[in-house]
Amino acid sequence: LPTGSTVSELVVIGEVGQDVTVPCHYSVQSRNAVTSMCWGRDRCPNSKCSRPIIWTDGWRVTEQHSSRYQLKGDLQSGDVSLTIVNARESDSGIYCCRVELPGWFNDQLINQKVVVKKARLSTASPHTYTSEQTSAPGSTSESSSTVTRTWTSVSASEAPQTASTPCSSPSGCLDVAANLQNTSVSLPSQQHPERGLYVGIGSCAALLLILILALFLT
């Protein structure tokens, strides 16, 4: 005797870009119990599926609205869960899983509400490291301070250059050493040009002191 269709409703939550699986199962006691079913994009009507997206004959998929809708479970064991590949926000809504069981109005009906949300995105810069320091409980200061360190990249033209090959001759090595010596000597003079003035003043003061001593001795 027909017992009437069974209707239930569940909620499935997923993220954009991820695969979302909407569960649906029915009991299979023997091979004769394997039956056809369908998935639709609306609540289950009195018969069939509204806006059908996939159909099976119980053994394999016979109709498929899009390759993004797949049945990855074991159909012969009653696993007819729907997998939405690379889910989008537009995939949110009501889905009907209808298993066609023998008897009048005896189908198994499951209405599933699918909610696909946007994935959370990080707002931190890839070149910035931020650390937060909070005062320990019981201390006089309860405020928190944030320290941000920014790592800057150095281009190849700004980086120090080294010789990629050894000296080809002794004269070449001498030239390199001379250039390095000139560079190391010239840098201080460029950075401290006032040292020459100090040396001149010191020399004049020494000469003046010698002159005074000579006059004193005479």
Side-chain angles (χ1 to χ4, degrees), residues 1-132 146 148-153 155:
L1 296 176
T3 58
S5 59
T6 302
V7 181
S8 61
E9 185 168 346
L10 302 174
V11 177
V12 177
I13 300 176
E15 286 188 356
V16 172
Q18 302 294 327
D19 293 353
V20 178
T21 299
V22 189
C24 186
H25 301 80
Y26 70 97
S27 177
V28 176
Q29 302 295 336
S30 64
R31 291 175 58 87
N32 294 331
V34 176
T35 183
S36 59
M37 61 83 56
C38 64
W39 279 95
R41 286 293 308 266
D42 209 339
R43 294 187 180 276
C44 297
N46 292 331
S47 63
K48 307 299 181 183
C49 289
S50 298
R51 300 168 58 193
I53 57 177
I54 198 166
W55 280 86
T56 76
D57 60 0
W59 303 93
R60 60 185 180 85
V61 175
T62 56
E63 295 182 22
Q64 190 175 13
H65 177 71
S66 171
S67 59
R68 295 180 53 246
Y69 301 125
Q70 300 179 11
L71 300 182
K72 297 184 177 182
D74 186 0
L75 301 182
Q76 300 178 21
S77 65
D79 185 0
V80 290
S81 301
L82 174 68
T83 298
I84 305 174
V85 179
N86 191 18
R88 308 166 183 170
E89 284 188 282
S90 58
D91 292 323
S92 299
I94 302 297
Y95 288 75
C96 167
C97 173
R98 186 185 201 99
V99 180
E100 297 179 331
L101 300 177
W104 290 95
F105 304 105
N106 200 32
D107 293 347
Q108 174 181 306
L109 311 178
I110 300 178
N111 291 320
Q112 304 270 25
K113 182 179 181 180
V114 176
V115 179
V116 181
K117 300 180 179 180
K118 290 183 178 179
R120 295 182 179 179
L121 300 178
S122 175
T123 58
S125 170
H127 298 287
T128 303
Y129 168 75
T130 304
S131 61
E132 184 174 351
T146 301
T148 303
R149 303 174 184 175
T150 302
W151 309 102
T152 57
S153 59
S155 61

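Hydrogens, waters and symmetry mates play no part in the numbers below; they use all other heavy atoms, side chains included. Note that the structure is a prediction, hence the values are computed from the model and not measured.
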Heavy-atom pair with the smallest gap, counting every atom of [X] and [Y]:
X      : Y      : result
Asp107 : Leu101 : OD1-N, 3.1 Å
Thr35  : Tyr26  : N-OH, 3.2 Å
Lys117 : Ile13  : CE-CG2, 4.3 Å
Asp79  : His25  : OD1-NE2, 3.3 Å
Ser50  : Asp42  : CB-CB, 3.8 Å

Next on the checklist: With side-chain hydrogen bond (donor to acceptor under 3.5 Å, both in side chains) as the rule and sequence neighbours excluded, what pairs involving residues 85-94 come up?
Outcome noted: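 Found Arg68-Asp91.
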Supply the atom-to-atom distance [X] [atom1] to [Y] [atom2], rounded to the nearest 0.5 angstrom.
X      : Y     : atom1 : atom2 : value
Leu109 : Met37 : CG    : CE    : 10.5 Å
Leu10  : Tyr95 : CG    : OH    : 15.0 Å
Arg43  : Arg98 : CZ    : CZ    : 14.5 Å
Ser36  : Asp57 : OG    : CG    : 7.5 Å

Checklist entry - For Asn46, does the CG atom have more than 12 heavy-atom neighbours from other residues, nucleotides or ligands under 6.0 Å away? => result no
Should [X] and [Y] count as side-chain neighbours, where that means a heavy-atom distance under 4.5 Å?
X     : Y      : answer
Val34 : Ser77  : no
Trp55 : Val61  : no
Val20 : Val12  : yes
Thr56 : Leu71  : yes
Trp39 : Gln112 : yes
Leu82 : Thr21  : no
Tyr69 : Ile84  : yes
Asp19 : Lys72  : yes

Next on the checklist: Less than 3.5 Å apart, any donor N or O on the side chain of Thr83 or Gln70 sitting next to an acceptor on the other?
Outcome noted: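 No - no donor-acceptor pair under 3.5 Å links their side chains.
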Next on the checklist: Regarding Cys49 and Cys38, I want to know if their SG-SG distance comes in below 2.5 Å, which is how I'm defining a disulfide.
Outcome noted: yes
Checklist entry - Between Cys44 and Cys97, is the SG gap short of 2.5 Å? => result no
Next on the checklist: For Arg51, give me all partners under side chain to side chain donor-acceptor pair (under 3.5 Å), at least two apart in sequence or on another chain.
Outcome noted: none
Next on the checklist: Would Lys113 and Asn111 count as a side-chain contact (heavy atoms from CB on, under 4.5 Å) here? Give the steps.
Outcome noted: CA-CA 7 Å; Lys113 182 179 181 180; Asn111 291 320; over 6 Å; no
Item to check | Steps toward side chain to side chain donor-acceptor pair (under 3.5 Å) verdict (Ser66, Gln64) | outcome: CA-CA 6 Å; Ser66 171; Gln64 190 175 13; over 6 Å; no
